[in-house]
2 protein chains.
Amino acid sequence: MDPHLLSTFVTVVAEGSFSAAADRLGYTQPAVSQQIAALEADLGVPLLTRRPVRPTRAGERLLEHAGPLLLRLRAARADVARLSAQPRALTVAAGPLALTADTAAALAGVTTLRIAGAATAVALVASGEADLALADGPAAPSDPLNLPDTGPLTTVGVREEELVVVLPEGHPLAGRPGLRLDDLADALWVDAPEVMPLDRLRAVARLDGLRPGIRYEGHDPAVAARLAAAGHGLTLLPASAAPCGVRVPLVAPRIVHRVELVHAALPPGPAAEVVRALTS
Amino acid sequence: MDPHLLSTFVTVVAEGSFSAAADRLGYTQPAVSQQIAALEADLGVPLLTRRPVRPTRAGERLLEHAGPLLLRLRAARADVARLSAQPRALTVAAGPLALTADTAAALAGVTTLRIAGAATAVALVASGEADLALADGPAAPSDPLNLPDTGPLTTVGVREEELVVVLPEGHPLAGRPGLRLDDLADALWVDAPEVMPLDRLRAVARLDGLRPGIRYEGHDPAVAARLAAAGHGLTLLPASAAPCGVRVPLVAPRIVHRVELVHAALPPGPAAEVVRALTS
DNA sequence: GTGTTCGTATAAGGGATGCTGATGTCGTGG
DNA sequence: CCACGACATCAGCATCCCTTATACGAACAC
């Protein structure tokens, strides 16, 4: 199973077409046909239906592996390259809720800041496209975030902050001193996958429900808060990131908003300085 | 970076010799030389010192990635193969402390039982060599074990059991009703990496210390207990696995011995039956 | 210092692999 | 029914990679 073939397979599925994938990869169409045929011959099962081009069940299984595999390959290459690389631009990938005032203050010397979800941020560090990641997400107090395993990276907790439920004014629960998530599982929630993904919340809180309401595809927590304040659904945010609406602390289950710093082994330099500043 | 080359690289490091690796892989020596040269040319750095053959720092980095990568490749292949595979022998990989009487009773129809550490057991399931894994290890109560991420596997908790410190009779602490691990960090411990690895204990308990004493390379918990009872060092075992010695419950930090069942998506069959029996 | 030996690197040749361009085949839409 | 779009197949050719043969270099013995 050549990674080259795997990458072609991923592209074909993404494009939904052999010819389009060939264009994108700089091959001719027969080359892509033959690569897919080689993969299917190797594994002994069809991976794609043709016309329309869609993954079979076996193809879906393979897809689940292909992404992490190709990422890990890039990570290996990046890890080796880091040893002999000259210090260059300093890129930080941060979660949308990771940048409080004092965290931002610690980012001296950073050239580029990129906002990305926890998994993407870690992937950027692993593949060498970013030097540091500030991954954020919900977690039980003092529990680590459940970050994908992409190789030998160092992870340190940076901060944990109380979470609040953001409600519109006049909501029946707005007067409560604290709220339990179980009581809100049937309510409508703002579905903001780039700010506070509902599926991660479900996993951490160990509950089903949290019906998705309006979907917000950006990564500005203030917008999510405003949507919640306007009654489009509830949302859960760290206290400092909810500028409006009625904010009621979450009391059960005990979940906090956690920020972790992820980086590879770093030579002394500006990146290491930022790590020191963030962890002190 | 061809996985083929990666695999050759791993073999060369393991054998400590190009020629020996060539023999093992069924190549000639120049083929191995050329493969390593190709890898080094691709990555732009020497990966091995020659005479003696040892990984350079870049090579060590690559090695850290190569194992998981090759495992993941096997896992992908196995995952696809599972879809069209006929039900065959049913193999279970179990941790050394996973098999209590009732757990063993649930293994109806199992053909082969293999004892392996948690990481190895999971790797066996991922690569399709085993159908089920019963991984075991220390963990905070109701926290999952920290198993390596090898792809889309299902994990369910099976059991949690109290841990006891095994002491020789007459030990100054033998009369205590309960023990704190911090107070024992400076004591000598039985180093039984296949039964209860000290490094995992350190990670879970978040402490250094636990000085390794006698090393036991087998995986029989009774032997570890006997070594402890004979005064060769302390050891920590689930209450049911310590047949001798003075057994004092561990009261802090709160750590239990946890067993988790790991398996891929299973078609109905004997394997699924065992899963049902173990999780009910 | 010199010779022997062991182990890796290099060179040349041949077979397999994999890409391109041309053409075939099948399903869809006019 | 025909034309068109899209994937499969085929032939040809360049490249890659493995094998055999040989060169090179370090370690060791004397």
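Chain A is the first sequence line, chain B the second, and so forth, proteins listed ahead of strands; every chain is numbered from 1. Source: prediction; values computed, not measured.
The distance from atom CG of Asp2(B) to atom P of dC18(D) is 9 Å, rounded to the nearest whole Å. Summarising the geometry, the separation between CD on Gln29(A) and C1' on dC10(D) is reported as 13 Å, rounded to the nearest angstrom. Across the protein-nucleic acid pair, Ile36(A) atom CD1 and dT9(D) atom P stand 14 Å apart, rounded to whole Å. Here dA9(C) presents its C1' atom at 14 Å from CG of Leu48(B), a figure rounded to the nearest Å. Regarding Asp42(B), its CG atom lies at a distance of 11 Å from the P atom of dC17(D), rounded to whole Å. Atom CD in Glu40(B) sits about 11 Å away from atom P in dT10(C), given to the nearest Å. For the pair Leu25(B) CG and dT19(D) C1', the interatomic distance rounds to 16 Å; values are reported in whole Å. Following rounding to the nearest Å, His4(A) (NE2) and dG18(C) (C1') show an atom-to-atom distance of 10 Å.
Atom CZ of Arg54(B) is surrounded by 12 or fewer heavy atoms from other residues, nucleotides or ligands within 6.0 Å.
Centroid-to-centroid, the aromatic rings of His4(B) and Phe9(B) stay 6.0 Å apart or farther.
The side chain of Thr28(A) places no N or O atom within less than 4.0 Å of a non-bridging phosphate oxygen (OP1 or OP2) of dC19(C).
Side chain of Gln35(A), nearest nucleotide from dT20(C), dA11(C), dC19(C): dC19(C). Checked against dA8(D), dC19(C), dT19(D), the side chain of Arg50(A) finds its nearest nucleotide in dA8(D). Distances were taken from every side-chain heavy atom of Ser33(A) (C-beta onward) to each of dT8(C), dA8(D), dT20(C); the shortest belongs to dA8(D). The side chain of Ala31(A) approaches dT20(C) more closely than any other nucleotide in the set dT20(C), dA9(C), dC18(D). Here dC18(D) is the nucleotide among dA11(C), dC18(D), dG21(C) with the atom lying nearest to any side-chain atom of Tyr27(B).
The closest side-chain donor-acceptor pair between Gln35(A) and Thr8(A) falls under 3.5 angstrom. In this structure, a donor-acceptor pair under 3.5 Å is present between the side chains of Glu129(B) and Ser127(B).
Using a 4.0 Å heavy-atom cutoff across all strands shown, Gln34(B) reaches at least one base atom of the nucleic acid. Val32(B) comes within contact range of no nucleotide atom at all, as no heavy-atom separation falls under 4.0 Å. At the heavy-atom level, Ser19(A) lies under 4.0 Å from the strands shown only through sugar-phosphate atoms.
A heavy-atom distance below 4.5 Å is found between the side chains of Leu198(A) and Pro212(A).
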